[in-house]
Student: 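A single structure is presented below for examination.
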Amino acid sequence: MITNEVIAAVRNKASILEVVQQVVVLKRVGKDYKGLCPFHKEKTPSFHVNPEKGIYKCFGCGEGGDVFAFIQKARGLGFLDGVKELAHQFGVTLIETEQEKTEYKRRTLFLLLYEQACEFYSKLLHDPSAGAVARQYLATRGIDENTIQKFRLGYAPSSWDALTDYLCTDNKVSTATLEESGLSRARTEGHGYFDLFRNRLIIPIADEQGRVIAFGGRTLGNDQVKYLNSPETLIYKKGEHLFAFNLAKEAIKTRDAVIAVEGYFDAITAHLSGFTNTVATLGTALSNEQGKLLVRHTESKRVYLAFDADSAGIKATEKGAHTLEQLASGVGIDLRVIRVPGGKDPDECLRSPEGLSLFSHALENSLPLLEYELEQATTGLDFKNRDGRIEAARKVVPILARIENAVARSEYIRQLANKCEVQEDSLISDVVSQRKTIRPADYNNNREKHYTQNSQINRPILAKERFRPADGLIEAERLLLASFLSDKENYELTFKSLVKEELMTTPHGKIIKAIYELGNDLNDTVELETRLLDYFAREPEMSAALVEIILKADEIKKQNISIPVLLLQSRVKLMKERIIALTKTIRNLPTSSNDSNKTCLLQSKISELNRLERLTLPTVKTMTEIDDLLEKIKEIQLSLDNQNGENS
């Protein structure tokens, strides 16, 4: 029951760039974005996304299509599930079954409950009496009212069930629903429910659209659990979100860089200090989903990691760097590490005297990941001591071996040999040996496995045709269809010129039929592109065929090709292929030595076709002559069909 109107509404909201970037790390190249294809294994990016036209195309394996085709293939979904996924993600209401209606209502209710809880906590924070302790705590951290409003900070009172009572009274929801939403908990002894957050400063966690989906709570008393976080729910999955991302994404675009920190207040204080392109990982090891969010809005793919300076922070930096390097393999990422001054976290640093200048200096002098790793590997070692030199070499060799560029590798080896006071030749030998043991990363193996499992989606579009069309035929048909899309004037000319044409390949035949069904009442060719993509949204292979035609139309426009000339030449080529195909069909028809009449008839048809190909076709100069020739071909085909009917 998904109509073309619904498809158009979802396409209008669903950004193909955002959808693809959830799976592929992309880097801008001109008007397009480029990355490693998710549908086949490759080391050099050949996968392109054109946000303006809403299409993608891999020039390695040939995959192409629109946003619906991508989500189906990338996630293994059917068309209906793909539309539902996009509708949910981009806020298009789409309800079909009772189960889906129930889930949609549940999700909507949870969002409403969290929004009302946020307002409840915010009101209490600003209450002169109830919120005094929380406001005093924020004042000690230098958090002003603008920042409180920006992050929608609040206060959860000490009362056991203040929020539970408030939400149940206002919304008439059950306490069991509040427990499912993560806002309340059932008592382990006796009956009743109590608030999850009590006597805590409340920090709302929002999704990319700014909707509150969870909370973090910082204790304001002697609770042993310093920070308490909402559990995962229908609307919140911890590893899929970044704290303050909704507030930072515009600054990330403007500054073409993102700063990733660990804690809530690291991010809040950074924003307060002017580093508004800062987000936090919600206290978890950086996940793949979070990594994709980090690089989504940057052209340069520059990411600064500013994790805590303690041992846990160093480990988090290493894990986060590994995740980001894997995600951006083949595309390139400018990954840098900020060494927070004084062995502190960003929040402590920025709140200290001269903290702003210290952090700014650390940002400006941040180390590329490789240099940071080499620095960490050699920190604390005594190079005057034999054991210290051996240990330094042991630690730096695996890092040096990962450097692909031979010149850069040699330069780092030279520098490290001097620093660690070891022989350069010995270090080179160890690095060469190490490089021989390096295997492809696990994620490449996973990509290979994914490609093998999904080999069906990588077959040529025309694999199911009754014959395999010659490349010249496909190209001729693409050029004819692309002529419709070159501009409005050429559309009208092509519309009149091809009214009698019949394309030989099934996808192209469907497309030209759809064009004539849509008619001549179009504002421009952009509208035609969109309406055709909507028309064939249910068929990924048709979407792929359309992408080829859209790209071909761009070539025509760039090269300023004469459409009348292109139409005539392409139709002549198509006519030649039609004659060759029909001749081959006749030659393959079964004949009998006892049926001389049929043999003579078939031979006469072959001779007639040869004459048309060799004598008539080369002299064709107008569309009318092509149309006349097409009628003759149809007459020959019809006579053969009639003859076969009589024989049967």
Student: Using the side chain to side chain contact (heavy atoms under 4.5 Å, CB included) rule, take Y304 and N277 through it: C-alpha gap first, then chi angles, then the decisive distance, then the call.
Tutor: CA-CA 10 Å; Y304 295 95; N277 57 331; 5.6 Å; no
Student: If we ignore angles and hydrogens, is there a donor and acceptor under 3.5 Å between the side chains of T298 and D256?
Tutor: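 Note: T298 and D256 side chains miss the donor-acceptor criterion.
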Student: Hey, could you give me the CD1/CG distance between I550 and L528, rounded to the nearest 0.5 Å?
Tutor: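 Atom-to-atom, I550:CD1 and L528:CG are 9.0 Å apart.
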Student: For K34 and V29, which heavy atoms make the closest approach, and how far apart are they?
Tutor: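 Taking every non-hydrogen atom into account, CB-CG2, 3.9 Å.
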Student: Taking it one step at a time, do T622 and I626 satisfy side chain to side chain contact (heavy atoms under 4.5 Å, CB included)?
Tutor: CA-CA 7 Å; T622 66; I626 284 283; over 6 Å; no
Student: Any side-chain donor paired with an acceptor under 3.5 Å for Q22 and R75?
Tutor: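 Indeed, the side chains of Q22 and R75 share at least one donor-acceptor pair under 3.5 Å.
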Student: Mind checking the OG1-CD spacing from T583 to E613? Nearest 0.5 Å is all I need.
Tutor: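 Between atom OG1 of T583 and atom CD of E613 there are 6.5 Å.
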Student: Output the distance between atom CG (L574) and atom CD (E502), rounded to the nearest 0.5 Å.
Tutor: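 With rounding to 0.5 Å, CG (L574) is 10.0 Å from CD (E502).
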Student: Rounded at 0.5 Å granularity, tell me how far CG in L582 sits from CE in M504.
Tutor: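 L582 CG to M504 CE: 8.5 Å, rounded to 0.5 Å.
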Student: Does a donor on one side chain and an acceptor on the other come within less than 3.5 Å for T525 and E529?
Tutor: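 There is no such pair (donor and acceptor under 3.5 Å, judged by atom type) between the side chains of T525 and E529.
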Student: Would you check if L609 and I586 make a side-chain contact, meaning some heavy-atom pair closer than 4.5 Å?
Tutor: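 They are in side-chain contact.
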Student: Decide, yes or no, whether a salt bridge links R336 with D334 under the criterion of side-chain N to carboxylate O below 4.0 Å.
Tutor: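 Counted as a salt bridge, because a side-chain N and a carboxylate O are separated by less than 4.0 Å.
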Student: Is the ring centre of Y33 less than 6.0 Å from the ring centre of H48?
Tutor: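 Between Y33 and H48, the centre distance exceeds or equals 6.0 Å.
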Student: Dump the intermediate steps for side chain to side chain contact (heavy atoms under 4.5 Å, CB included) on F536 and L546, then the final yes or no.
Tutor: CA-CA 9 Å; F536 292 111; L546 272 171; 3.8 Å; yes
Student: Which heavy atom in L533 sits nearest to a heavy atom in S543, and how many Å separate them?
Tutor: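 Taking every non-hydrogen atom into account, CD2-OG, 4.3 Å.
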Student: Given the rule in the salt bridge (Lys or Arg N to Asp or Glu O under 4.0 Å) test, do E539 and K510 qualify, once you have shown the distances and angles that lead to the verdict?
Tutor: CA-CA 11 Å; E539 305 175 65; K510 288 183 178 181; 3.2 Å; yes
Student: With side chain to side chain contact (heavy atoms under 4.5 Å, CB included) as the criterion, how do E18 and E208 come out once you've worked through the C-alpha distance, each side chain's angles and the decisive distance to 0.1 Å?
Tutor: CA-CA 11 Å; E18 287 188 41; E208 192 171 348; 4.1 Å; yes
Student: For K253 and E250, run salt bridge (Lys or Arg N to Asp or Glu O under 4.0 Å): C-alpha distance rounded to whole Å, both residues' side-chain angles, the deciding distance at 0.1 Å, then the answer.
Tutor: CA-CA 5 Å; K253 292 177 187 176; E250 290 305 318; 3.5 Å; yes
Student: Is it the case that more than 12 heavy atoms not belonging to Q209 sit under 6.0 Å from its CD atom?
Tutor: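 Above 12, so yes.
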Student: Using a strict 4.0 Å threshold on nitrogen-to-oxygen distance, state whether K552 and E555 make a salt bridge.
Tutor: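 A salt bridge is present here (some side-chain N lies under 4.0 Å from a carboxylate O).
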Student: Is there side-chain contact between L612 and L617, with heavy atoms separated by less than 4.5 Å?
Tutor: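 A side-chain contact is absent here, since even the closest heavy-atom pair is not under 4.5 Å.
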Student: Inspect the contact between K557 and D554 and indicate whether a charged nitrogen and a carboxylate oxygen are less than 4.0 angstrom apart.
Tutor: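 Between K557 and D554 there is a salt bridge, with a charged N closer than 4.0 Å to a carboxylate O.
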Student: Between R571 and D627, is there a side-chain N and carboxylate O pair less than 4.0 Å apart?
Tutor: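 The answer is yes: the pair qualifies as a salt bridge.
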Student: Between F70 and Y56, what is the ring plane arrangement, given parallel below 30°, perpendicular above 60°, and tilted in between?
Tutor: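 Answer is perpendicular, since the angle exceeds 60°.
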Student: Measure the CD-CG distance between Q603 and L601 for me, rounded to the nearest 0.5 Å.
Tutor: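 Here the rounded value is 10.5 Å.
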Student: Step by step, work out the side chain to side chain donor-acceptor pair (under 3.5 Å) result for S604 and E608.
Tutor: CA-CA 6 Å; S604 69; E608 186 176 356; over 6 Å; no
Student: Considering non-hydrogen atoms only, spot the tightest contact between I235 and H241 and give its length.
Tutor: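 Shortest heavy-atom separation between I235 and H241 comes out as O-NE2, 4.3 Å.
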Student: Is any side-chain N of the basic residue among R531 and E527 closer than 4.0 Å to the acidic one's carboxylate O?
Tutor: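 Looking at R531 and E527, the cut-off is met.
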Student: Grab the two heavy atoms, one from A537 and one from R11, that are nearest each other, plus how far apart they are.
Tutor: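 That would be CB-NH2, 4.1 Å.
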Student: Looking at Y516 versus F495, is the centre-to-centre ring distance below 6.0 Å?
Tutor: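 Yes - the distance between ring centres of Y516 and F495 falls below the 6.0 Å cut-off.
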Student: Rounded at 0.5 Å granularity, tell me how far CD in Q72 sits from CG in D66.
Tutor: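 If I round to the nearest 0.5 Å, the distance is 8.5 Å.
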Student: Do you know which two heavy atoms are closest between K301 and V295, and how far apart they sit?
Tutor: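 That would be NZ-O, 2.9 Å.
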Student: In terms of heavy-atom contacts, does NZ of K634 have more than 12 from other residues, nucleotides or ligands at under 6.0 Å?
Tutor: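 Yes - once you tally the heavy atoms of other residues, nucleotides and ligands closer than 6.0 Å, there are more than 12.
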Student: Tell me whether E475 is salt-bridged to K573, with the criterion being a basic N under 4.0 Å from an acidic carboxylate O.
Tutor: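 Answer for the salt bridge query: no.
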Student: How far apart are the C-alpha atoms of K237 and E289, what are their side-chain angles, what is the distance that settles it, and do they pass the salt bridge (Lys or Arg N to Asp or Glu O under 4.0 Å) test?
Tutor: CA-CA 10 Å; K237 299 291 183 289; E289 289 76 14; over 6 Å; no
Student: Is it the case that T505 and E477 place a side-chain donor and acceptor less than 3.5 Å from each other?
Tutor: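 Yes, a side-chain donor-acceptor pair sits under 3.5 Å.
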Student: Of all the heavy-atom pairs spanning S486 and I563, show the shortest one and how long it is.
Tutor: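 Residues S486 and I563, closest heavy atoms: OG-CD1, 3.8 Å.
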Student: Quick one: do E501 and R578 satisfy salt bridge (Lys or Arg N to Asp or Glu O under 4.0 Å)? Show the steps, please.
Tutor: CA-CA 12 Å; E501 188 59 82; R578 181 176 282 111; 3.2 Å; yes
Student: Hey, are K488 and E492 close enough for a salt bridge, meaning a charged N less than 4.0 Å from a carboxylate O?
Tutor: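 The answer is yes: the pair qualifies as a salt bridge.
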